[in-house]
Amino acid sequence: MTTTIGRETPGQRSDKPGARAVTQAARPRQKLNIAGGIGHIFLAVWALLILLPLAWVFLASFKNTTEIFAAPWTLPAELRWENWSRAWTKAHVGRYVLNSVLVVTVSTAGTILLSSMAAYVLARYRFWGNRLIYFLFVAGIAFPPFLAVVPLFFVVKNFGLLNTYSGLILVYIAYSLPFTIFFLTSFFRSLPNSVAEAATIDGASHTRLFFSVMLPMAKPGLISLTIFNLIGQWAQYLLPLVLMAGAKDKWVLTQGIADISTAAGYEADWSGLFAALTISILPMIVIYMIFQRQIQAGLTAGAVK
């Protein structure tokens, strides 16, 4: 009689702990690989949905009207930079760009300054009504601007700020505060208490503690929110339309492009319209490309305390 050691017959079941562990570990990896592959496919499709229209607008800005309608999916026969110059001068896009830069720069700076101070107090100090104030700010995130357009118009008018940069800037700041405060409050809570305690022991006042110690530590979050506010306020159309309708020389870029679009229906200057759109899109793309690492760092820096 022959005895076989260490060999299993086909009908026998392998109960080795090592084999089971390897099999169980391989299944989650396979699931993760499949899920990752599906995720990459969706990301690729999403990227194409974003990039293809942008590329089409950019190419159309160098075409003439005949090429835009007769051969919309072909490359332009030549680079017609006069479309850009015509949009910049004749359609007054240059003036609208300067107006937008002024309004968005001041409103973003005001939003970040006021939000950082409010978020720091709500995150680091305990007082009666702290949570109530915080939840009131958070509730503002769920309040769409168009619901308050009519009362907002009369409030701004009663303060004498209608058709002024000041009125538009203050409204931009007011509508940007809720999300910015919500994000920065969580960020300030994640900062270490030991640094603040050491600065307090060294004699730093509350003001100096905030501006010299805590604000520099919150730099990643501040950069991310600055970019988000820049993009959001740059693309805002409803509020300028309501608050700046009577002052064409003070229009921002979105109002100017809407006016070009309306005029294009009669003058057929579609190439100038696409050139204006490209001019309005490029600054935000450049800013995001420059600060994309800081934006990613700011979004993840406050995630782990």
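Positions are given from 1, in the same order as the sequence printed here. Predicted model only: the values in this text are computed from it and were never measured.
- Of all the heavy atoms in Ile260 and Ala276, the pair that sits closest is CD1-CB, 3.9 Å.
- Here the closest non-hydrogen pair linking Gly272 and Ala87 is O-CB, 3.5 Å.
- Considering CH2 of Trp270 and OG1 of Thr65, their distance stands at 9.0 Å, rounded to 0.5 Å.
- Cluster partners of Met289, using a side-chain heavy-atom cutoff of under 4.5 Å among ILVMFWY residues and allowing indirect links, are Trp46, Ile50, Leu54, Ile281, Ile285.
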Going through the checks in order, is the side-chain contact (heavy atoms from CB on, under 4.5 Å) test met by Asn193 and Arg124? CA-CA 9 Å; Asn193 292 324; Arg124 312 291 294 193; 2.8 Å; yes
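- Between Ser115 and Leu184, the shortest heavy-atom distance links the atoms C-CD1, 4.0 Å.
- With sequence neighbours excluded, no residue forms a ring-ring contact (aromatic ring centres under 6.0 Å, His included) with Phe153.
- Residue Thr164 comes nearest to Gly167 through the heavy atom pair OG1-N, 3.2 Å, listed as atom of the first residue, atom of the second, then distance.
- The OH atom of Tyr288 lies 7.0 Å from the CZ atom of Phe228; values are rounded to the nearest 0.5 Å.
- Between the CH2 atom of Trp56 and the CZ atom of Phe274 there is a distance of 3.5 Å, given to the nearest 0.5 Å.
- Atom CG of Leu162 sits about 6.5 Å away from atom CG of Leu243, to the nearest 0.5 Å.
- Side-chain contact between Asp259 and His92 is absent, with no heavy atoms from C-beta onward closer than 4.5 Å.
- Hydrophobic clustering of Ile, Leu, Val, Met, Phe, Trp and Tyr side chains at less than 4.5 Å, counting indirect connections, keeps Leu241 apart from Leu152.
- When side chains are defined from C-beta on, Ile133 does not count as touching Val121, because their heavy atoms never get closer than 4.5 Å.
- Contact between Ala60 and Ile68 at its shortest, heavy atoms only, is O-CD1, 3.8 Å.
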Using atom types as modelled, flag every donor-acceptor pair under 3.5 Å from a side chain in residues 202-214 to any protein atom, sequence neighbours excluded.
residue, atom, partner, partner atom, Å
Ser205, OG, Arg208, N, 3.3
His206, ND1, Tyr125, OH, 2.7
Ser212, OG, Arg208, O, 3.4

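- Not counting sequence neighbours, Phe154 has no partner by the ring-ring contact (aromatic ring centres under 6.0 Å, His included) test.
- Looking at Tyr172 and Thr111, their side chains never come closer than 4.5 Å, going by heavy atoms from C-beta outward.
- Taking hydrophobic clusters as Ile, Leu, Val, Met, Phe, Trp and Tyr residues chained together by side-chain heavy-atom distances below 4.5 Å, Leu132 does not share a cluster with Phe137.
- Cluster membership for Leu147 and Val156, using ILVMFWY side-chain heavy atoms within less than 4.5 angstrom, is shared.
- Counting heavy atoms of neighbouring residues, nucleotides and ligands inside a 6.0 Å radius, atom CZ of Phe182 does not exceed 12 of them.
- In this structure, Ala118 and Ile181 approach most closely via the heavy-atom pair CB-CD1, 3.9 Å.
- Contact of the Ile141 side chain with the Pro178 side chain is registered, since non-hydrogen atoms from C-beta on lie closer than 4.5 Å.
- To the nearest 0.5 Å, atoms OG1 (Thr74) and CG (Leu59) are separated by 9.0 Å.
- Here salt bridge (Lys or Arg N to Asp or Glu O under 4.0 Å) pairs that include residues 45-70, with residues two or more places apart or in two chains, are Glu67-Arg80.
- For the atom pair CE (Met217) and NZ (Lys219), the distance works out to 13.5 Å, reported to the nearest 0.5 Å.
- Through direct or indirect side-chain contacts shorter than 4.5 Å among Ile, Leu, Val, Met, Phe, Trp and Tyr, Leu43 is connected to no other residue.
- For Pro53, there are no side chain to side chain contact (heavy atoms under 4.5 Å, CB included) partners, not counting sequence neighbours.
- For Ser116, the side chain to side chain donor-acceptor pair (under 3.5 Å) criterion is met by no residue, not counting sequence neighbours.
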Can you list, pair by pair, the side-chain donor-acceptor contacts under 3.5 Å of residues 93-104, counting residues two or more places apart and other chains?
residue, atom, partner, partner atom, Å
Asn99, OD1, Tyr165, OH, 2.9
Asn99, ND2, Arg95, O, 3.4
Asn99, ND2, Asp249, O, 3.1
Asn99, ND2, Trp251, O, 2.8
Ser100, OG, Tyr96, O, 3.2
Ser100, OG, Leu253, N, 2.7

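- In the hydrophobic cluster analysis, where Ile, Leu, Val, Met, Phe, Trp and Tyr join through side-chain heavy atoms closer than 4.5 angstrom, Phe188 is grouped together with Phe135.
- Residues meeting the ring-ring contact (aromatic ring centres under 6.0 Å, His included) test with Phe62, sequence neighbours left out: Phe58, Trp81, Trp84.
- Residues passing the ring-ring contact (aromatic ring centres under 6.0 Å, His included) test with Tyr134, sequence neighbours excluded: none.
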Considering only distance and modelled atom types, tabulate donor-acceptor pairs under 3.5 Å from the side chains of residues 229-240, sequence neighbours left out.
residue, atom, partner, partner atom, Å
Asn229, ND2, Thr180, OG1, 3.4
Asn229, ND2, Leu225, O, 2.7
Gln233, OE1, Ser107, OG, 2.4
Gln233, OE1, Thr108, OG1, 3.2
Gln233, NE2, Ser176, OG, 2.8
Trp234, NE1, Ser280, O, 3.0
Gln236, OE1, Leu238, N, 3.2
Gln236, OE1, Leu239, N, 3.4

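- No single ILVMFWY cluster, assembled from side-chain heavy atoms under 4.5 Å apart, contains both Leu52 and Trp73.
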